[in-house]
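Inspection log for the structure reproduced underneath, given as structure tokens.
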Number of protein chains: 2
Amino acid sequence: MAEKSTYHHGDLRRTLLDQAAGLLREEGEKGLSMRALAARAGVSRTAPYHHFADKQQLLCAIAEEGFRRFVGVLRIESAALSEQRLQQFVRNYLEFAVNNAEYYDLMFGSQLWKSGHISSALQDEAHSSFRFYVAQVRAWQDQQRISPTLDALRYAQVTWSTLHGMCRLLIDGIYLDTATMGPMCDQAGSMFWRELQVP
Amino acid sequence: MAEKSTYHHGDLRRTLLDQAAGLLREEGEKGLSMRALAARAGVSRTAPYHHFADKQQLLCAIAEEGFRRFVGVLRIESAALSEQRLQQFVRNYLEFAVNNAEYYDLMFGSQLWKSGHISSALQDEAHSSFRFYVAQVRAWQDQQRISPTLDALRYAQVTWSTLHGMCRLLIDGIYLDTATMGPMCDQAGSMFWRELQVP
DNA sequence: GAGGGATTTTGACACTGTCAAGATTGCGCG
DNA sequence: CGCGCAATCTTGACAGTGTCAAAATCCCTC
């Protein structure tokens, strides 16, 4: 099944997803064209259209894979929640984004979200990630001595914004660079922690 | 000078910048093509290329105008700095971004920053904005009873990230929406404030 | 008035996403 | 076993994109 004769690829969909991610990583967003992708997969220009309705759907599928890899980054052990643990959490989030920038760009980029043609599967995946995070904050409130007056949703929105903003500025090379990631993560984690300790 | 005969436009550069921003606002990023822009300016396809080397330079010029409008949003009266004032500052930043999303997308978007062909004028404008913000934080430290151990640069990086992250999530319609902007701004401003009060 | 530099146009090229029609194949049902 | 159908892949085509080169047109200065 490895070396197929010619006509039928056998596992084109899988190949397309992998090669597309590779192209994105190596050549950047501009480098990923349907035609280049098809060529790289050793197939003709329009073959991909039998597996994805259009380019947007291809990108949505890649983003979904991104979210699947993303799972695990968000989870924080709430037993013995501490400042250090929060700082580590920030580090994990940023490291994922920086090391998987092709995926992160699709998962949280305007390209898909502002297009209006985002797949509902992707939307579900994204929203459930955020809901998971909010639920986790609520769990902290129950288990730890954390200000019960804190609005978990607002806190989640603002802290996620901080994480997302740092990732964007890092990936795009604006204001932040990876050389100072450590101290920045500590600062962010400290702020997250401090807000939880408010009486 | 208003109604020119035909051939020479007279003020094409200015017209292009305005019409480009209009196109962006009305049709979105996809809607802004050099050809559509030329048509809208009532001129032939390649005329714009005598005022901007290529599309990137056009976008850079628009982004520069964005930064010029942006000036003033960053300034915070440090006399009587307060939690409310910080919250208002957050509100101002977000309102600018949301109300001028076409500009904000260019000013802080990957489109220009990741291209490698960003104009140095734009880069200067952007960096000086950030330096201004950092200097402002340092001024607070001098004038108010604010923790002198706070690293102003780190604080500036993290708070700017929060602002930028909120803007991105708002503009792209991920997780945040404008209906809850008020409480979110308050939450962010409170966190900013609290970090300044650390002994 | 003539010339020159700025400005605009027309023509062309390589590239993009995507549709329609045909070619080729593998699989299920008889 | 074999036949037909559906899935898969290809070729051809079209409109649209950014941008270059050469030609046309204009305005301004001497």
Side-chain angles (χ1 to χ4, degrees), chain A residues 1-20 23-24 26-62 106 109-112 114-119, chain B residues 1-17 19-20 23-24 26-63 106 109-112 114-119:
Chain A
M1 97 172 29
E3 309 302 327
K4 5 46 73 291
S5 54
T6 40
Y7 213 85
H8 274 58
H9 184 115
D11 200 8
L12 186 52
R13 188 188 152 92
R14 183 67 262 143
T15 303
L16 288 172
L17 287 174
D18 293 341
Q19 297 299 324
L23 256 175
L24 274 179
E26 294 165 22
E27 317 267 358
E29 178 186 325
K30 283 281 172 186
L32 174 56
S33 76
M34 291 301 257
R35 293 164 112 105
L37 172 60
R40 178 147 158 168
V43 97
S44 94
R45 299 141 258 154
T46 60
Y49 286 89
H50 292 244
H51 298 271
F52 303 97
D54 55 18
K55 192 178 183 180
Q56 290 283 324
Q57 296 307 309
L58 202 218
L59 297 179
C60 283
I62 301 176
L106 289 177
S110 3
Q111 168 112 73
L112 296 179
K114 283 211 295 192
S115 73
H117 295 108
I118 194 170
S119 83
Chain B
M1 94 172 32
E3 308 304 327
K4 5 47 67 305
S5 54
T6 40
Y7 213 86
H8 275 59
H9 184 114
D11 199 9
L12 185 52
R13 188 186 153 93
R14 182 70 262 142
T15 303
L16 288 173
L17 287 173
Q19 297 298 326
L23 255 177
L24 274 179
E26 294 164 22
E27 316 268 359
E29 178 187 324
K30 282 282 171 186
L32 174 56
S33 77
M34 290 302 257
R35 294 164 112 103
L37 172 59
R40 177 146 157 168
V43 97
S44 95
R45 301 144 260 147
T46 60
Y49 285 88
H50 292 202
H51 299 270
F52 303 97
D54 54 17
K55 192 179 183 181
Q56 290 282 324
Q57 296 306 310
L58 203 219
L59 297 179
C60 283
I62 301 176
L106 289 177
S110 3
Q111 166 111 73
L112 296 180
K114 282 211 295 190
S115 74
H117 296 107
I118 192 168
S119 84

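Keep in mind the model is a prediction, meaning the values are calculated, not measured. Quick note on labels: first sequence line is chain A, next is B, and so on, each numbered from 1.
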Nearest heavy atoms of A/Ala53 and A/Gln57, plus distance in Å: CB-CG, 4.0 Å

Whole angstrom value for the distance that separates C1' of D/dC9 from CG of A/Leu16: 12 Å

Atom pair distance, as rounded to whole Å: NZ in A/Lys30 and C1' in C/dG17: 13 Å

Stretch residues 45-54 of chain A: residues that reach within less than 4.0 Å of DNA chain D through a heavy atom: A/Arg45, A/Thr46, A/Ala47, A/His50, A/His51

Only distances under 3.5 Å count here; give the side-chain donor-acceptor pairs of residues 29-41 of chain A to other protein atoms, sequence neighbours excluded, each with its distance to 0.1 Å.
{"unit_1": "A/Ser33", "atom_1": "OG", "unit_2": "A/Ala36", "atom_2": "N", "d": "3.0"}
{"unit_1": "A/Arg40", "atom_1": "NE", "unit_2": "A/Gln19", "atom_2": "OE1", "d": "2.6"}
{"unit_1": "A/Arg40", "atom_1": "NH1", "unit_2": "A/Glu26", "atom_2": "OE1", "d": "3.1"}
{"unit_1": "A/Arg40", "atom_1": "NH2", "unit_2": "A/Glu26", "atom_2": "OE2", "d": "3.2"}

Sugar-phosphate, base or nothing in reach of A/Ser44, heavy atoms under 4.0 Å: base

Separation of A/Cys60 SG from A/Ile118 CD1 (nearest 0.5 Å): 5.5 Å

Salt bridge (charged side-chain N to carboxylate O under 4.0 Å, His left out) contacts in which one or both residues fall within residues 45-58 of chain B, not counting sequence neighbours: none

Whole angstrom value for the distance that separates C1' of D/dG16 from CG of B/Leu37: 16 Å

Rounded interatomic separation in angstrom, taking CE from B/Met34 and C1' from C/dT16: 17 Å

Distance in Å, B/Leu12 CG paired with B/Leu17 CG, rounded so as to fall on 0.5 Å steps: 9.5 Å

Interatomic distance, A/Asp11 CG vs D/dA7 P [rounded to whole Å]: 18 Å

Spacing of A/Arg35 atom CZ relative to D/dT17 atom C1', expressed in whole Å: 12 Å

Interatomic distance, A/Arg13 CZ vs D/dC9 P [rounded to whole Å]: 13 Å

Rounded interatomic separation in angstrom, taking NZ from B/Lys55 and P from D/dC20: 14 Å

Residue pair B/Leu16 / B/Phe52: nearest heavy atoms and the distance that separates them: CD1-CE1, 4.0 Å

